[in-house]
Amino acid sequence: MKTEKILIIGACGQIGVELVLALRKLYGAANVVATDIRDEHPLLTGTGPYYTLNAMDAAGTHALVKKENITQIYLLAALLSATGEKDPGRAWDINMQSLIQVLDLGVQEKLTRIYWPSSIAVFGPTTPRDNTPQDTIVEPRTVYGISKYAGELWCQYYNQRWGLDVRSLRYPGLISWKSEPGGGTTDYAVEIYHEALKNNTYTSFLSEHTYLPMMYMDDAIRGTIELMEAPAEQMKTRMAYNLAAMSFSPKEIAAEITKHLPDFTIKYAPDFRQQIADGWPKSIDDSTARLHWGWQPEFTLGNMTTDMLKHLKEKMQVA
Ligand code: SER
């Protein structure tokens, strides 16, 4: 068993729940301390230590780091793209303040490693949209994207100035059946599976040919842990790494679902999230992550859809 003591902030979110469960298997339940502003997620109950913590509470976070002898932090609390556009000031405050607090804590308490997620949202309409490279034009147009790009620069700054070992990934849209997404532009690709099983129909808030980069949660969790366990000398960039697995449109995911549920139908009613999606890449070039630390995705639209429907059916107890 490994010797780190890990603090997860934002443990009840879409990534948090699965990351806590995976890290507890690897590091031992008692060595992964889960926290969130919300009540404990039912899937975490009974699996290890849990505290209610506001990511904006610097003193509370510091006290918990001391109390639990924490050596690593994963900061996952954030407002995502769609929620962020409804209250830009709040999104900026939450996303930035929580990060800078954790980076300061990392320096002060000499933490061994920090993880903070970035996103494809750092890119904007002036970025090349197909196979978007690691280093390219970066002009985000959402407050979420601006906060993620600024955050990447802060991570790089703390690494260069204080030697803090902080690591980051630019996640594409993440698809999962265990935990629910919240407030993202890519959330349609999760909702569609739920609605397919419940109602056999789905109304997409993105238009039929809107291609976005996507990834199954299993790949995202494995990639995150592989990044965090890679030797420091392999981290040749301290901005976040592009990470990719697949790219599809609402029409294509619907066609894939139809292979399992032949009567499934999709309708399109694009809303304000269409504009956000139109400013993001269609597909991502992640060759730098592959080269530096050996990233390799496993799931495609086909095997992800089979897995999602199987697990969701069980979860929803649909016959
Ligand atoms: N899934 C995120 C969002 O839609 C992208 O990082 O906001």
Side-chain angles (χ1 to χ4, degrees), residues 10 13-19 74-88 90-92 94-96 98-99 115-125 127 129 132 138 140-152 155 168-194 204-207 210-221 223-224 227 239-250 253 270-284 286 289 297 299 304 308:
Q14 191 196 9
I15 301 171
V17 170
E18 299 212 27
L19 196 55
Y74 288 64
L75 171 60
L76 306 174
L79 290 199
L80 296 194
S81 59
T83 316
E85 290 312 291
K86 290 183 183 152
D87 195 345
R90 187 162 163 260
W92 176 258
I94 291 177
N95 295 359
M96 284 295 91
S98 61
L99 174 62
Y115 181 76
W116 180 77
S118 186
S119 160
I120 54 161
V122 296
F123 301 115
T127 303
R129 295 189 70 196
T132 302
V138 180
R141 298 276 170 92
T142 61
V143 65
Y144 174 66
I146 297 171
S147 73
K148 286 296 177 189
Y149 195 57
E152 286 191 20
C155 291
S168 183
L169 296 171
R170 289 174 185 150
Y171 291 125
L174 297 180
I175 296 161
S176 60
W177 59 269
K178 278 190 196 159
S179 43
E180 305 70 32
T185 302
T186 56
D187 293 6
Y188 92 86
V190 179
E191 288 172 9
I192 194 170
Y193 289 110
H194 286 262
S204 169
F205 58 75
L206 297 182
S207 66
T210 308
Y211 281 84
L212 286 171
M214 298 279 184
M215 180 177 289
Y216 200 33
M217 188 60 87
D218 297 46
D219 272 342
I221 298 295
T224 305
L227 174 87
M239 299 296 280
Y241 281 98
N242 278 10
L243 202 70
M246 61 184 98
S247 169
F248 56 77
S249 62
I253 188 174
D271 65 14
F272 74 102
R273 289 168 281 194
Q274 184 66 45
Q275 202 190 343
I276 300 177
D278 287 341
W280 285 355
K282 293 179 178 170
S283 59
I284 295 285
D286 62 358
F299 281 87
M304 174 180 79
M308 275 296 279

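Position 1 is the first residue of the sequence, and the numbers go up from there. In each ligand, atom 1 is the first atom listed, and ligand 1 is the first ligand listed.
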Ignoring hydrogens and geometry beyond distance, is a side-chain donor-acceptor pair present between Ser179 and Gln14 at under 3.5 Å? no
Hydrogens and angles aside, do Tyr171 and Thr224 bring a side-chain donor and acceptor to less than 3.5 Å of each other? yes
Counting each atom of ligand 1 from 1 as listed, which ones have a heavy atom of Leu80 under 4.0 Å away? 7 (O)
For ligand 1, which is the ligand I care about here, please tell me if Thr185 has any N or O atom under 3.5 Å from one of the ligand's N or O atoms. yes
Assess Thr186 for proximity to ligand 1: is some non-hydrogen atom of it under 4.0 Å away? yes
Do ligand 1 and Ser119 have nitrogen or oxygen atoms that lie under 3.5 Å from each other? yes
For ligand 1, which atoms have a heavy atom of Trp280 less than 4.0 angstrom away? 3 (C), 4 (O), 5 (C), 7 (O)
Are any side-chain N or O atoms of Glu18 and backbone N or O atoms of Asp218, one a donor and one an acceptor, separated by less than 3.5 Å? no
Any donor-acceptor N/O pair, Asn95 side chain to Trp92 backbone, under 3.5 Å: no
No-hydrogen, no-angle side-chain donor-acceptor test under 3.5 Å, Thr127 and Thr132: no
Atom 7 (O) of ligand 1 [closest protein heavy-atom partner, distance rounded to 0.1 Å]: Ser81 OG, 2.6 Å
